[in-house]
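Worksheet: one structure, shown below.
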Amino acid sequence: MCEDTHDIGRRALIVTGATAALTLGTVSFAAADGQSRGTQRTATVRGTLPPGCPDFVYVPVEVPAGVREIKVSYTYDRPTVPAGTTGNALDIGIFDQHGTELGGKGFRGWSGGARTEFFVRADDATPGYLPGPVGAGTWHIALGPYTVAPQGLSYELTITLTYGEPGTPVRPVYPPQRAKGRGRDWYRGDCHLHSWYSDGRRTPAEIAALARAAGLDFINSSEHNTHSAHAHWADQAGDDLLIMLGEEITTRNGHVVALGTDPGTFVDWRYRARDNRFGRFAQQIHKAGGLVVPAHPHATCVGCAWKFGFGEADAVEVWNGPYTPDDEVALAAWDATLVASVRGDRRWLPGMGNSDAHRDPDAVGSPQTVVLADDLSREAIQAGLRAGRSYIAESKNVTLSFTATGGRGEQAGIGERLAVAADTPVTVRLKASGVPRCTVRLVTDEGVLLTSDPLPVTGSGTVEWRTTPSYAAYVRAEIRHETAAGPVPGALAALTNPIFLGR
């Protein structure tokens with residue numbers, strides 16, 4: 001065993017692209033010559049990260065030819081910190097001999113803070129990491145000091161190389177991009193889910209079973225900062241379940257779901273809003289056939305709130321998991337953007353909802369986005385989401401119909417425009433089921449203009465409202481549970497995208 005101690009507080013910064021990163025001294029190992037098959041060599045690296053250190057710290061490892069497997073484990077201290085102060089949290093991943101440049105050509109895996117050790121070899125890898133040959137050259141262990149205590153963050157890395165012939169590389173198999181479907185219909189989906197390939201605790205098989213039980217027709221794989229799960233979903237897809245592939249790009253300035261990208265697409269996350277790099281990666285998502293969906297934009301956890309703006313977004317997650325105050329803020333902020341599309345001269349941003357389920361008791365499919373699509377295929381589902389032909393429901397029990405009808409029978413549905421004159425009488429009609437004792441609120445560019453009486457205990461009911469385009473430029477529906485007391489509205493049971501009124 002060899003040891004190498006790094007005093008990080010006294011090392012100079014190396015700037016890669018626009019993101020400040022620190023690269024430490026190289027860890028070297030003996031050449032494979034003379035090493036018997038299965039021989040292991042281990043190195044230990046210790047260091048301390050000060051408060052205010054760079055977002056990423058790289059430990060170069062010289063890997064000789066003839067290595068079968070690389071394994072890394074790590075620990076770090078968690079001292080007591082004053083109230084209101086963040087403690088230590090250290091993420092980890094690895095890049096191979098192709099380098100650490102932004103874009104991820106050398107990316108071989110990331111587990112964030114979910115695991116204390118990982119391995120990579122040709123025929124297998126720890127969940128979150130990509131199997132493949134352990135090529136000779138300079139690999140880099142990537143440390144991500146997510147938060148650092150005032151006392152600093154002391155860590156220890158143990159790197160073990162196993163010598164020998166590589167195993168047989170695995171050939172990835174991906175799920176099909178179309179399921180049987182029902183033709184043009186309303187399809188239910190949950191596009192923000194985590195398995196054990198990032199920081200979730202469920203297997204793909206467990207998630208698929210829960211998705212079917214929740215009445216879902218489609219899901220999207222969205223692991224934090226890794227696409228390693230893509231090759232592990234094929235045997236869970238079927239005629240009844242479309243499985244799309246993506247990633248949750250988890251930056252220090254917010255998270256964004258890449259929804260339905262081409263199989264094997266990796267999207268880098270190593271930048272902040274001030275680096276002016278997100279546009280490049282949003283373009284990559286689009287080129288890979290995916291949608292850009294900022295996740296939980298007003299979440300209060302460190303690094304979770306969205307800071308990059310919405311110019312490249314195709315939709316926005318306005319409801320994430322159990323309905324909470326930050327969802328209420330996200331909903332209000334989203335609603336404030338809809339008036340920009342009133343005249344039809346600006347693109348509007350549809351809202352969607354997802355569970356962000358990680359582990360028990362997180363409920364897959366709560367909430368779920370119900371989208372009108374021509375088919376149960378990746379392309380058709382994305383087209384419906386992009387057009388805003390969708391509503392959000394807390395479960396499979398909730399079904400909505402929401403329309404606006406003009407004086408001559410002209411009709412528009414969710415996400416559409418009823419192109420009639422400004423003084424044309426318009427009838428807005430919401431039909432709902434599965435929402436017992438809930439209240440319907442109709443929201444326009446002026447605010448809430450109708451609040452219904454509670455719906456019957458049967459959960460089914462119809463609400464009608466008459467208006468004109470001059471009075472309501474758009475209208476959307478909220479269905480809310482009863483609240484205990486006071487003016488604060490109850491949690492959502494369902495939410496629609498708007499119908500726009502007027503030419």
Side-chain angles (χ1 to χ4, degrees), residues 27 29-43 59-74 92-100 104-112 114-142 157-176 194-208 221 223-237 243 245-247 261-266:
V27 179
F29 285 84
D33 296 342
Q35 304 287 344
S36 62
R37 179 181 175 86
T39 296
Q40 293 186 335
R41 292 290 181 264
T42 297
V59 179
V61 179
E62 286 296 334
V63 176
V67 171
R68 173 182 173 84
E69 178 186 279
I70 182 169
K71 180 178 180 180
V72 179
S73 63
Y74 80 121
I92 197 167
I94 197 166
F95 291 76
D96 67 18
Q97 74 274 13
H98 295 99
T100 62
K105 289 183 179 179
F107 177 77
R108 291 299 292 271
W110 183 258
S111 49
R115 288 180 168 81
T116 59
E117 63 180 33
F118 63 85
F119 73 89
V120 174
R121 63 175 185 259
D123 58 348
D124 200 4
T126 299
Y129 294 80
L130 304 177
V134 181
T138 305
W139 288 52
H140 289 82
I141 298 168
L157 290 172
T158 302
I159 308 155
T160 301
L161 302 187
T162 301
Y163 295 81
E165 294 296 322
T168 302
V170 293
R171 187 182 183 92
V173 178
Y174 302 114
H194 297 279
S195 76
W196 67 2
Y197 286 92
S198 60
D199 63 342
R201 292 294 179 267
R202 291 167 173 151
T203 66
E206 290 169 332
I207 292 172
S221 172
E223 308 296 355
H224 292 285
N225 297 342
T226 181
H227 59 298
S228 65
H230 287 194
H232 298 276
W233 281 105
D235 57 352
Q236 304 306 321
I243 299 179
L245 304 176
E247 180 186 336
T261 52
D262 294 335
T265 299
F266 167 72

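Residue numbers start at 1 and run along the sequence shown.
A distance of 10.5 Å separates CZ of Phe107 from CD1 of Ile94, quoted to the nearest 0.5 Å. In this structure, Thr158 OG1 and Tyr74 OH are separated by 12.5 Å, a value rounded to the nearest 0.5 Å. Rounding to the nearest 0.5 angstrom, the gap separating the CG atom in Leu157 from the OG atom in Ser73 is 8.0 Å.
In plain terms, the two heavy atoms of Glu117 and Thr126 that are nearest each other are O-CG2, 4.2 Å. Nearest approach of Ile92 to Tyr129, heavy atoms of both residues: O-OH, 3.5 Å. When all heavy atoms of Ser195 and Ile207 are compared, the closest pair comes out as CB-CD1, 3.6 Å. The two residues Ala142 and Phe95 make their nearest non-hydrogen contact at CB-CE1, 4.0 Å. Pairing each heavy atom of Val120 with each of Gly132, the nearest pair is CG1-O, 4.2 Å. For Pro131 against Val170, the heavy-atom pair with the smallest separation is CG-CG2, 3.5 Å.
Judged as a side chain to side chain contact (heavy atoms under 4.5 Å, CB included), and not counting sequence neighbours, the contacts of Thr261 are His230, Ala258, Thr265, Ile285, Ala288. Residues passing the salt bridge (charged side-chain N to carboxylate O under 4.0 Å, His left out) test with Asp262, sequence neighbours excluded: Arg378.
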Table please: side-chain donor-acceptor pairs of residues 64-72 below 3.5 Å, with sequence neighbours left out.
residue: Arg68; atom: NH1; partner: Glu165; partner atom: O; Å: 2.8
residue: Glu69; atom: OE1; partner: Arg121; partner atom: NH1; Å: 2.7

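Of the possible polar contacts, one joining the Thr226 side chain to the Gly128 backbone as a donor-acceptor pair under 3.5 Å is found. Looking only at distances, no side-chain donor or acceptor of Ser228 sits under 3.5 Å from a matching main-chain atom of Leu130. Proximity of a side-chain donor or acceptor of Thr203 to a complementary backbone N or O of Glu206 within less than 3.5 Å is detected.
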Between Ile243 and Tyr174, is the side chain to side chain contact (heavy atoms under 4.5 Å, CB included) condition met? List the steps. CA-CA 9 Å; Ile243 299 179; Tyr174 302 114; over 6 Å; no
Apply side chain to side chain contact (heavy atoms under 4.5 Å, CB included) to the pair Trp139 and Gln97, showing each step before the final yes or no. CA-CA 5 Å; Trp139 288 52; Gln97 74 274 13; 3.4 Å; yes
CA sep, side-chain torsions, deciding dist, call: Phe29, Val61, side chain to side chain contact (heavy atoms under 4.5 Å, CB included): CA-CA 8 Å; Phe29 285 84; Val61 179; 3.7 Å; yes
Side chain to side chain contact (heavy atoms under 4.5 Å, CB included), that's the test. Do Ser221 and Leu245 meet it? Break it down for me. CA-CA 5 Å; Ser221 172; Leu245 304 176; 4.3 Å; yes
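Put simply, the residue from Glu247, His224, Glu223 that forms a side chain to side chain donor-acceptor pair (under 3.5 Å) with Ser198 is Glu223.
Contact annotation: the side chain of Trp196 approaches that of Pro204 to within less than 4.5 Å [non-hydrogen atoms, C-beta and beyond].
Judged purely by distance below 3.5 Å, without hydrogens or angles, the side chains of Thr160 and Thr42 pair a donor atom with an acceptor atom.
Ring geometry, His227 versus Phe266: the interplanar angle falls from 30° to 60°, so the pair is classed tilted.
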